[in-house]
Amino acid sequence: MTFSPTSASTSPMTVADLVRSQPAAVRILQRLGIDFCCGGKKPLADACADVGVATEALLAEVTAAGQTVTLNWSTLPPSALCDTLESRFHAPLAEELPRLRAMAQRVLLVHGHKDPERLEGIADAVDALIADLVPHMRDEEAELFPMIRQGRRADAAALLAGLEEEHEAVGAILKQLRHLTDAFAPPPGACGTWRALYQGLAELEAETHEHIHVENNVLFQGLA
Ligand SMILES: [Fe+2]
Ligand SMILES: [Fe+2]
């Protein structure tokens, strides 16, 4: 299957259109630094131009990557989507977020004097991310997902604008973390915890981008 930068309709293909039709695009867009969750409504051609990549080259790479098997979120019915979102993205964070916070505090305590502004900023951003993400996921699990499973579409749709706003806030904190960590590149001589923290934050960014993409562009689209 090959792709054209324009969809069947007259409107240009957006980043979200590409990821919905080709889940294998996720890893490629992440590598290129193209935002596909909160920035998913942007035309693909514009997003490619922003990072200096030819749209046709990107589409060719996505087509090649699509030959391997990737979970296609768009084919899951809404209740199965909720189950998979919970098991794939929500549940692992119960352990991962405290682990990241502990590492950020440890690095600040031990190495804070070497780069106080940066390390305090990272520890604060991790705290802010947890303060936003934990109640957000709790609300999805306690309110949104049960409404979807019970087929209460109108009730669920009424929550979407607020949840999308919270996704934007999480996306902004992840951007700040990327900036503060020089794109998750540890400085020369960084200790093992420092390196593990950056590695963990890079993985958190990738997972959270996909998590938000599936909610905004697949689950919520099906309710709007
Ligand atoms: Fe979620
Ligand atoms: Fe969410």
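Computed from a predicted structure; not experimentally measured. Throughout, numbering of the chain's residues begins at 1 and tracks the sequence. Every number for a ligand or one of its atoms is a count from 1 in the order of the listing.
Salt bridge status for Arg99 with Glu96: present, with a side-chain N to carboxylate O gap under 4.0 Å.
The closest side-chain donor-acceptor pair between His211 and Glu207, if any, does not fall under 3.5 angstrom.
Around the Fe ion (ligand 2), the angle linking His167 (NE2) with His136 (NE2) is 90°, rounded to 10 degrees. When rounded to 10 degrees, the angle formed at the Fe ion (ligand 2) by OE2 (Glu140) and OE1 (Glu215) equals 90°.
Within 6.0 Å of the CZ atom in Arg88, the count of heavy atoms belonging to other residues, nucleotides or ligands exceeds 12.
Taking 2.8 Å as the criterion, His211 does not count as a coordinating residue of the Fe ion (ligand 2), since none of its N, O or S atoms falls below it. Backbone or side-chain N, O or S atoms of His90 reach the Fe ion (ligand 1) at under 2.8 Å.
Note: Phe89 and Trp73 meet the aromatic proximity criterion, with ring centroids under 6.0 Å apart.
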